[in-house]
Visitor: 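Here's a structure for you.
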Amino acid sequence: MASLEEAKVLLEEGWKAREALDFDTAREKLTKSRETFEKAGDFRLVTEALNHLAYTEKLAAGQSANLALKLAKESENIAEKNNIDPILTYRAIISTAETAGLFEVSLKYAEKILPLLQKPILKGDLYAHIASLELRTGKLEQAGETIGKSLLLIEEGWDSEREPHRSIWKLKTMITQALIAYNMGNKTEAMETFHNARQIALEQDLKPRLAQIEILIDSL
């Protein structure tokens, strides 16, 4: 175990490694410094190490999100050159652009793909994405209208799809509906929707969605 002074050096080396985009080194050094601070009972420095670890994961996630979008855009170029149906590529761009925080880019591709979709449930899923993007860009009233369309289309096309896809799409819609309600000040409605969504996730054993819902319930 490093001494307290050595741990302070590790802490500085760790955040400097993060800024150099050397995430593995950053994680290693920051984790070791945190362990030493915990042993020494210096919880102010424990929080500092944890904060730097959090920033490390945030920056690493951002780099991964940018790479994901770059790959999706490469797919788009190949699809255009080879006259391939662009729907799946557009969906990848919508998702990766949203993760990268490029909400306007995601909305642009959502508008491009909407006329290409035939099945109501697929349109419903897309409208849920659009509503989420509208919420994130401050278009709250518009997001409320869009999520209403999503819910209707999901129900209309329910029997045309099988599990787990239809439940995954419905949960996306319900999560967005709850967040819109919460941001409109309807907290009781939002929490009720979250708990109903949680029940569906449990019944269908959709672990990623369940984890997302539980985080939202705990944080809100």
Side-chain angles (χ1 to χ4, degrees), residues 1-72 92 95-103 105-106 129 132-133 135-138 164 168 171-172 174-176 178-188 190-220:
M1 181 69 66
S3 69
L4 193 59
E5 290 305 313
E6 288 171 334
K8 290 178 182 178
V9 172
L10 285 171
L11 179 70
E12 183 168 351
E13 289 177 346
W15 68 256
K16 285 182 176 178
R18 177 194 70 227
E19 294 305 306
L21 305 183
D22 184 354
F23 301 120
D24 288 339
T25 299
R27 291 185 185 104
E28 180 184 355
K29 290 180 179 292
L30 291 170
T31 298
K32 285 181 179 178
S33 70
R34 171 195 174 183
E35 291 170 351
T36 300
F37 298 145
E38 285 178 335
K39 288 283 187 181
D42 191 330
F43 294 104
R44 183 187 65 79
L45 287 173
V46 170
T47 62
E48 189 172 345
L50 285 169
N51 292 340
H52 282 302
L53 279 165
Y55 288 131
T56 298
E57 296 306 330
K58 175 187 174 182
L59 190 55
Q63 293 290 309
S64 295
N66 289 335
L67 174 58
L69 178 56
K70 181 180 178 181
L71 293 170
S95 179
T96 54
E98 182 178 5
T99 301
L102 300 173
F103 305 132
V105 172
S106 194
H129 281 285
S132 177
L133 293 164
L135 173 62
R136 289 170 179 252
T137 52
I168 291 171
L171 288 173
K172 165 67 176 176
M174 292 177 73
I175 290 167
T176 306
L179 288 171
I180 293 168
Y182 187 88
N183 280 274
M184 285 182 167
N186 302 323
K187 295 183 180 180
T188 301
M191 295 311 293
E192 182 179 346
T193 303
F194 277 133
H195 284 290
N196 290 339
R198 182 179 183 277
Q199 187 59 37
I200 294 172
L202 282 168
E203 289 171 359
Q204 297 297 329
D205 194 27
L206 300 173
K207 291 181 174 63
R209 291 293 188 203
L210 179 61
Q212 181 185 11
I213 293 163
E214 289 182 338
I215 288 171
L216 286 166
I217 289 172
D218 289 342
S219 61
L220 298 177

Visitor: Drop me the distance from Leu50's CG to Phe43's CZ, to the nearest 0.5 angstrom.
Guide: 11.0 Å
Visitor: Can you name the closest pair of heavy atoms from Ser33 and Ala7 and give their distance?
Guide: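 Heavy-atom minimum between the residues: CB-O, 3.3 Å.
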Visitor: Would you check if Leu4 and Phe37 make a side-chain contact, meaning some heavy-atom pair closer than 4.5 Å?
Guide: yes
Visitor: Considering only NZ, NE, NH1 and NH2 on the basic side and carboxylate oxygens on the acidic side, decide whether Glu12 and Lys8 come within less than 4.0 Å.
Guide: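 Lys8 and Glu12: not salt-bridged.
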Visitor: Using side-chain heavy atoms (C-beta onward) and a distance below 4.5 Å, is Leu179 in contact with Phe194?
Guide: yes
Visitor: Would you call Arg136-Glu98 a salt bridge at under 4.0 Å N-O?
Guide: yes
Visitor: Measuring from Lys32:NZ to Glu13:CD, what's the distance to the nearest 0.5 Å?
Guide: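 Between Lys32 NZ and Glu13 CD, I get 10.5 Å after rounding to 0.5 Å.
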Visitor: Do Leu30 and Thr56 make a side-chain contact, defined as non-hydrogen atoms from C-beta onward lying under 4.5 Å apart?
Guide: yes
Visitor: What is the minimum heavy-atom distance between Ala197 and Leu171, and which atoms define it?
Guide: O-CD2, 3.2 Å
Visitor: Just wondering, are more than 12 heavy atoms of other shown residues or ligands nearer than 6.0 Å to CZ in Phe23?
Guide: yes
Visitor: Could you tell me whether Glu48 and Arg34 have a side-chain N and a carboxylate O separated by less than 4.0 Å?
Guide: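 Salt bridge: no.
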Visitor: Could you tell me whether Lys39 and Glu35 make a salt bridge, using a distance below 4.0 angstrom between a side-chain N and a carboxylate O?
Guide: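 Salt bridge flag = no for Glu35 with Lys39.
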Visitor: Who pairs with Glu19 by side-chain hydrogen bond (donor to acceptor under 3.5 Å, both in side chains), at least two apart in sequence or on another chain?
Guide: none
Visitor: Below 3.5 Å, can you tabulate the donor-acceptor pairs from side chains in residues 212-220 to any protein atom, sequence neighbours excluded?
Guide:
| residue | atom | partner | partner atom | Å |
| --- | --- | --- | --- | --- |
| Gln212 | OE1 | Arg209 | NH1 | 3.3 |
| Glu214 | OE2 | Arg198 | NE | 3.1 |
| Glu214 | OE2 | Arg198 | NH2 | 3.1 |
| Ser219 | OG | Ile215 | O | 3.0 |
| Ser219 | OG | Leu216 | O | 3.2 |

Visitor: For Asp22, what residues pass the side-chain hydrogen bond (donor to acceptor under 3.5 Å, both in side chains) criterion, not counting sequence neighbours?
Guide: Thr25
Visitor: Check Ser132 against Thr176 and note the closest heavy-atom contact, atom names and distance.
Guide: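 It is N-CG2, 3.6 Å.
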Visitor: Among Lys29, Glu6, His52, find the residue that satisfies the side chain to side chain contact (heavy atoms under 4.5 Å, CB included) test when tested with Leu11.
Guide: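 Exactly one pass, corresponding to His52.
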Visitor: How close do Thr36 and Ser3 get, counting heavy atoms only, and between which atoms?
Guide: CG2-O, 3.7 Å
